[in-house]
Trainee: 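Let me give you the structure first, and then I'll get to my questions.
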Amino acid sequence: MLSPRDSKGPPLPLWGVVPPGVVFTGGMAVHTHDDIDWADRLRSLRMAEALDAEPMRAAARRLLEGMPDGPTILDVGCGAGGMSVHFAEELASGGARILLVDATEHLLAEAHRAVSAAAGDKAIVETIHADVADDGLPKKLPPADLVWASRVVHHLPDQQAAINTFARLARPGGLVAISEGGLDFNCLPWDLGVGRPGLEERLLAARGEWFAEMRAGIPGSVAMPYGWNIALQRAGLDGVDSFGVLIHHPAPGPELLREFVVERVTWLAEVAGDRLSGDDHKTAAALVNPASPAFLGARQDLFLQGAKTVHCGRRP
Ligand SMILES: C[S@@+](CC[C@H](N)C(=O)[O-])C[C@H]1O[C@@H](n2cnc3c(N)ncnc32)[C@H](O)[C@@H]1O
C-alpha cells in the first residue's frame, strides 16, 4: 500500500493508490508463502544490516554506476530497507524514486522511515504492500532502472517465475540484481568449552534441513534444479554476471556482533527443532543465557565471516 506519508511530492500514480489495509494486487490477500513471521525478525534484520553496512554500501555504489540521473529503484522484498538506505545515500543527484515492496507491513513502515531519512530530498520514497510472487506486478509498478531483490526469491513458490517477473519490472536496459546464495555466516570458535565441539556446524546442518522442508512446505513449491546465473538467463536477461561481497568482522568485533551472535544462535536452535540433539539444545540454551557462565555475550572470541553473492543481468 502507498502510505499517507507518501502524499508529499508529485501526485501518486493510480497503480499504487489503495486505502490502508486494502491490497492492490487483484484483491488477493497479501501474504508471504513461507510461514515465517517476518515482522518478528526486524531486530535481527537491523543488526545484520548494521554489520554488513560497509561492504553492502560499496555494492550499492557498484550497482548504481552508469544509472541515468534520477533513477527509479525497486527494492523487492525490502525487509527493513537497509540496502535502499545505501542506494539513497549513494545517489549522485536528486529526482530519484525508490519503491519499497514487501508483504510485511511492519517492515515496510520501518523501511520507509529509514530510507526517507537517508534520501532527504534526493528521492521520493514509496511503499508498496504486495506479494512479489504476483506475476501481475509489472502492470502495477513503473519500469525500473534497477530491480534489487535480496534474500526473498528463495521464499517464493516458483523462483524462476519470480525472476521472470523481476526481469519484466526492469525498463529495457535496466539492471536486475538479486542477492542469493554465497557463504553462510560463521561466528563461533569450534570448541566453546561447553558441550560437544562443532556446534555451529551442526546448527547450520540442521538449518539446511529446515530450509529444504520450508521450501517443500510452500504451497505450489516448484523445484529450480540449476543455479542463479541460469535462472537470470532463462528470464531473458543479458550480460549475466555475479560478484561476491565479503562480510568480515575479526574477533573480538563490536558489541553489536555479540548481540547478533546471541540472536543468531537463539534462532538457529529454534529452527533446528528436533533435528538437533537434546545435548546440543542444552548447550545452545546455556550459550544464549546471560546468567550462564557460558554466555556468548561475554566472550571476546566471536567473529563474523561470510559472503553474499549478487547476481546481475540487464533487460535487453
Ligand atoms: C530474509 S528477508 C530479506 C530482507 C531484505 N531484502 C534483506 O536482504 O535484508 C525476506 C523479506 O522478504 C519478504 N517477503 C517474503 N515473502 C514475500 C512475498 N511473497 N512477497 C513480498 N515480500 C515477501 C519478507 O517480509 C522479508 O521482509
Side-chain angles (χ1 to χ4, degrees), residues 1 23-26 28-53 55-57 59-60 63 73-88 98-115 127-138 140-141 146-159 161-163 165-166 169 176-182 184-185 207 210-211 214-215 217-222 228 245 247 260 263-264 267-268 271 306-311:
M1 124 186 92
V23 172
F24 77 84
T25 49
M28 288 159 54
V30 169
H31 62 87
T32 58
H33 302 258
D34 51 17
D35 214 19
I36 294 173
D37 180 354
W38 285 109
D40 197 43
R41 305 285 305 143
L42 174 63
R43 188 176 126 82
S44 170
L45 290 170
R46 280 265 182 263
M47 283 195 284
E49 283 175 2
L51 288 166
D52 65 23
M56 290 311 285
R57 184 183 314 255
L63 292 170
I73 299 171
L74 286 185
D75 187 344
V76 179
C78 64
M83 189 60 167
S84 280
V85 166
H86 300 316
F87 288 138
I98 302 177
L99 291 97
L100 305 167
V101 189
D102 205 284
T104 306
E105 287 185 279
H106 180 52
L107 293 181
L108 270 180
E110 285 292 323
H112 185 275
R113 198 175 47 73
V115 180
T127 60
I128 293 123
H129 182 218
D131 178 356
V132 301
D134 172 7
D135 66 1
L137 277 187
K140 299 162 184 162
L141 300 178
L146 171 60
V147 179
W148 167 255
S150 165
R151 301 187 298 135
V152 65
V153 176
H154 63 259
H155 293 284
L156 305 176
D158 187 337
Q159 300 171 97
I163 294 172
T165 301
F166 297 173
L169 286 169
V176 177
I178 65 168
S179 173
E180 290 286 350
D184 224 324
F185 284 161
R207 204 275 313 270
W210 166 84
F211 178 79
M214 184 277 289
R215 276 226 52 86
I218 294 177
S221 183
V222 174
W228 297 105
V245 178
I247 294 139
F260 174 78
E263 175 102 359
R264 180 170 166 82
W267 179 73
L268 286 172
V271 298
K308 298 183 178 191
T309 308
V310 178
H311 309 269

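Not measured: the values here are computed from a predicted model. Excluded from the calculations below are hydrogen atoms, water molecules and symmetry mates; all remaining heavy atoms, backbone and side chain alike, are included. In listed order, ligands and their atoms are each counted from 1.
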Trainee: Which atom pair, heavy atoms only, marks the closest approach of Thr32 to Ala103?
Mentor: CG2-CB, 3.8 Å
Trainee: Between ligand 1 and Ala80, can you find any atom pair, the residue atom being a heavy atom, that is separated by under 4.0 Å?
Mentor: no
Trainee: Examine Glu49 against ligand 1 and note whether any of their N/O atoms are separated by less than 3.5 Å.
Mentor: no
Trainee: To the nearest 0.1 Å, how far is atom 2 (S) of ligand 1 from its closest protein heavy atom, and which atom is that?
Mentor: Trp38 CZ3, 3.5 Å
Trainee: Which residue and non-hydrogen atom of the protein lie closest to atom 20 (N) of ligand 1, and at what distance in Å?
Mentor: Val132 N, 2.9 Å
Trainee: Would you check whether Gly77 has a nitrogen or oxygen atom less than 3.5 angstrom from a nitrogen or oxygen atom of ligand 1?
Mentor: yes
Trainee: Go through ligand 1 atom by atom and flag the ones less than 4.0 Å from a non-hydrogen atom of Val152.
Mentor: 12 (O), 14 (N), 15 (C), 23 (C)
Trainee: Hey, which atoms in ligand 1 end up nearer than 4.0 Å to a heavy atom of Leu107?
Mentor: 27 (O)
Trainee: How close do Gly182 and Thr309 get, counting heavy atoms only, and between which atoms?
Mentor: CA-OG1, 3.3 Å
Trainee: Looking only at heavy atoms, what is the nearest atom pair of Glu110 and Leu42, with distance?
Mentor: CG-CD2, 3.6 Å
Trainee: What atoms of ligand 1 come within less than 4.0 Å of a heavy atom belonging to Ala130?
Mentor: 20 (N), 21 (C)
Trainee: Work out which heavy atom in His155 is nearest to a heavy atom in Arg151; give both atom names and the distance.
Mentor: CD2-O, 3.3 Å
Trainee: Among all protein heavy atoms, pick out the one at the shortest distance from atom 8 (O) of ligand 1; state its residue, atom name and that distance to 0.1 Å.
Mentor: Ser150 OG, 2.6 Å
Trainee: Could you work out, for atom 26 (C) of ligand 1, the closest of Asp102, Asp134, Thr104 by heavy-atom distance?
Mentor: Asp102
Trainee: Kindly give the heavy-atom pair with the smallest separation between His129 and Thr104, and that separation in Å.
Mentor: CD2-N, 4.3 Å
Trainee: Do side-chain atoms of Asp135 reach the backbone of Thr165 as a donor and acceptor pair under 3.5 angstrom?
Mentor: no
Trainee: Using a 4.0 Å cutoff against the non-hydrogen atoms of Leu156, which atoms of ligand 1 qualify?
Mentor: 18 (C), 19 (N)
Trainee: Minimum heavy-atom separation for Leu100 and Ser84, please, with both atom names.
Mentor: CD2-OG, 3.5 Å
Trainee: Would Ala103 count as being in polar contact with ligand 1, using the rule that some N or O on each side must be under 3.5 angstrom apart?
Mentor: yes
Trainee: Check ligand 1 against Gly79 and write out every atom of the ligand that is under 4.0 Å from a heavy-atom position of the residue.
Mentor: 4 (C), 27 (O)
Trainee: Do ligand 1 and Arg151 have nitrogen or oxygen atoms that lie under 3.5 Å from each other?
Mentor: yes
Trainee: Can you sort out which atoms of ligand 1 are near His33, meaning under 4.0 Å from one of its heavy atoms?
Mentor: 19 (N)
Trainee: Less than 4.5 Å apart, any side-chain heavy atom of Val132 and any of Val152?
Mentor: yes
Trainee: Side chains of Glu180 and His311: do they bring a donor and an acceptor to under 3.5 Å?
Mentor: no
Trainee: Can you see whether Trp267 has Arg41 sitting over its ring - NZ or CZ less than 6.0 Å from the centre and within 45° of the normal?
Mentor: yes
Trainee: Can you tell which of Val101, Leu169, Asp75, Ile178 makes a side-chain contact (heavy atoms from CB on, under 4.5 Å) with Val147?
Mentor: Leu169
Trainee: Looking at atom 15 (C) of ligand 1, what's its closest protein heavy atom, distance included?
Mentor: Thr32 CG2, 3.4 Å
Trainee: Work out whether the distance between some heavy atom of Gly82 and some atom of ligand 1 is less than 4.0 Å.
Mentor: no
Trainee: What's the spacing between Glu49 CD and Phe260 CZ if we round to 0.5 Å?
Mentor: 11.0 Å
Trainee: Which atoms of ligand 1 sit under 4.0 Å from any heavy atom of Cys78?
Mentor: 5 (C), 6 (N)
Trainee: Has ligand 1 got any nitrogen or oxygen that is less than 3.5 angstrom from a nitrogen or oxygen of Asp131?
Mentor: yes
